[in-house]
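Single-structure report; data block below.
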Amino acid sequence: MKIDRAEVVVTSPDRNFVTLRLTTDDGLVGLGDATLNGRELAVVAYLQEHVVPLLLGSDAHRIEDTWQFLYRSAYWRRGPVTMAAIAAVDVALWDLKAKAAGLPLYQLLGGASRDKILAYGHASGRDLPELFDSIRKHQALGYQAIRVQTAIPGLKAIYGVAAQTQTSGKRYDYEPAQRAARPAEEDWDTRAYLRHLPTVFEGVRAEFGPELPLLHDGHHRMTPIQAAKLGKSLEPFDLFWLEDCTPAENQDALRLVRSHTTTPLAIGEVFNTVWDYQTLIKDQLIDYVRSAVTHTGGISPMKKILDYAAQYQIKSGIHGPTDISPVGMAAALHLDLAIHNFGIQEYMQHGDATNSVFEQSFSFSDGYLHPGNKPGLGVDLNVDEAGKYPYQTAYLPFNRLADGTVHDW
Ligand code: EZ4
Ligand code: CO
């Protein structure tokens with residue numbers, strides 16, 4: 001099974017996606033997601049200029065060897081661009097191997113460890129009544145675990161609140177990247193946030209009771225001591241997790257947070273290798289691994305990270321926003337089904353245009369996902385549809401404090 005063709009497909013149905021499409025000499029097609037939100041074309045160049053020429057003619061069965069070759073022969077290791085490019089190759093090769101075997105990919109990862117995959121969705125509102133409506137809407141869609149984000153009094157627009165008007169005037173609607181020549185500017189005030197958020201969770205628990213699993217994303221905005229304070233103030237509301245409470249570069253920051261609170265901690269959506277987790281996992285400073293398959297070098301290294309985490313009773317919480325393409329999402333679902341230490345899967349839903357470009361075979365019912373049983377990943381790329389949506393410049397927003405200082409977004 002030799003790699004005969006390698007194409008990088010860029011398409012922008014509801015947002016930009018980068019997909020690697022490998023074709024073997026016997027005509028099998030394998031897909032890998034290489035989408036890096038707001039930096040898409042850097043990964044396209046990395047793949048087209050430096051990876052595709054190295055793949056042509058090589059043995060598509062040698063997944064681990066190809067991964068090690070691309071990682072080590074680059075000499076300069078890691079980084080989101082490199083690891084998204086390598087991830088696309090790794091996932092496309094797993095897709096091919098599973099298609100060659102005639103099996104859904106999860107069967108090659110050890111087979112199913114569970115029947116279905118618990119998902120969580122994103123509820124949000126500008127105030128409590130709007131938030132409650134959004135939670136009820138998600139429950140009506142079947143979701144059994146819900147992330148809660150709200151506006152903060154005094155701030156114009158913040159991450160994760162769908163109905164808030166953006167600087168562009170459009171609804172936020174779960175997709176933070178905006179099509180424009182420059183990133184949108186938002187505002188931030190950590191003290192206002194720390195005061196307001198416990199009142200939100202108090203309201204949600206009073207309305208929905210103690211059972212519903214609730215999550216929250218801090219989006220890297222706090223210092224360690226601020227995060228410790230938030231974790232402590234949220235303890236009465238029994239969160240499933242508090243995500244990305246501090247910027248992720250400093251692993252030791254989580255030691256301080258951990259020493260103050262029993263609120264479970266999830267981190268890692270911007271990580272790209274196991275080294276970002278080394279201290280966090282061995283010192284048991286987190287409870288959930290948030291990496292995406294797409295941004296962490298693919299299925300092969302994600303399986304290793306999650307097996308390492310399992311030794312410390314740390315579970316998976318794989319990143320599943322809309323900037324992970326249906327191909328990256330399918331890769332996550334096969335892994336979720338196979339690993340023993342599955343925790344939860346994030347599931348934002350893609351729009352109709354995206355679903356017409358990527359034909360999928362996964363299912364979502366009663367709050368649970370399943371990747372389906374078609375050979376491979378179970379996703380087909382409709383190249384004609386993809387061609388209808390050319391790349392459009394889009395960026396994630398960024399934050400400034402009241403005095404003009406750039407802050408973590
Ligand atoms: O802001 O994927 O938990 N989910 C998130 C995401 C991220 C985007 C960035 O590309 O934090 O919505
Ligand atoms: Co997040």
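First listed ligand is number 1; within each ligand, the first listed atom is number 1.
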inquiry  = Under a 4.0 Å threshold between the charged nitrogen and the carboxylate oxygen, would Asp90 count as salt-bridged to Lys303?
reply    = no

Note to self: Quiz question: by atom type and distance under 3.5 Å, do the side chains of Thr354 and Asp14 form a donor-acceptor pair?
What the structure shows: yes

*Aromatic rings Tyr312 and Tyr308: how do their planes relate, parallel, tilted or perpendicular, breaks at 30° and 60°?*
perpendicular

Evaluate the side chain to side chain donor-acceptor pair (under 3.5 Å) criterion for residues Asp217 and Gln149: first the C-alpha distance (whole Å), next the side-chain angles of each, then the deciding distance (0.1 Å), finally the verdict. CA-CA 7 Å; Asp217 192 345; Gln149 309 290 136; 5.9 Å; no

| task | Output yes when Arg255 and Asp252 qualify as a salt bridge under the 4.0 Å nitrogen-oxygen rule, no when they do not. | result | yes

Taking 2.8 Å as the strict upper bound, the Co ion (ligand 2) has protein N, O or S neighbours numbering 3

If we number the atoms of ligand 1 from 1 as shown, the ones under 4.0 Å from a heavy atom of Asn37 are 9 (C), 10 (O)

The atoms of ligand 1 lying under 4.0 Å from a heavy atom of Asp323, numbered in the order shown, are 2 (O), 8 (C), 9 (C), 10 (O)

- Going by the angle between their ring planes, with limits at 30° and 60°, are His138 and Tyr143 parallel, tilted or perpendicular? tilted

| said: Under 4.0 Å, counting heavy atoms only: does Glu346 come that close to any atom of ligand 1? | reply: yes

Q. Hey, do the aromatic rings of Phe398 and Trp188 have their centres closer than 6.0 Å?
A. no

For His219, the atoms of ligand 1 under 4.0 Å from one of its heavy atoms are 1 (O), 5 (C), 7 (C), 11 (O)

Could you check whether the rings of His295 and His319 sit parallel, tilted or perpendicular, using 30° and 60° as the cut-offs? tilted

Taking the six-membered ring for Trp, are the ring centroids of Phe240 and Tyr288 within less than 6.0 Å of each other? yes

If we number the atoms of ligand 1 from 1 as shown, the ones under 4.0 Å from a heavy atom of Arg290 are 3 (O), 4 (N)

inquiry  = In this structure, is the centre-to-centre distance between the rings of Tyr389 and Phe17 below 6.0 Å?
reply    = no

For Asp217, the atoms of ligand 1 under 4.0 Å from one of its heavy atoms are 3 (O), 4 (N), 5 (C), 11 (O)

For Arg147, the atoms of ligand 1 under 4.0 Å from one of its heavy atoms are 3 (O), 4 (N)

A student checking ligand 1 against Tyr159 at a 4.0 Å heavy-atom cut-off should list atoms 1 (O), 3 (O), 4 (N), 5 (C), 6 (C), 11 (O), 12 (O)

Ignoring angles and geometry beyond distance, decide whether Tyr120 reaches within less than 3.5 Å of ligand 1 through its nitrogen or oxygen atoms.
no

### Heavy-atom gap Met348 to ligand 1 smaller than 4.0 Å
no

Flag for Arg290-Ser316: side-chain donor and acceptor within less than 3.5 Å:
no

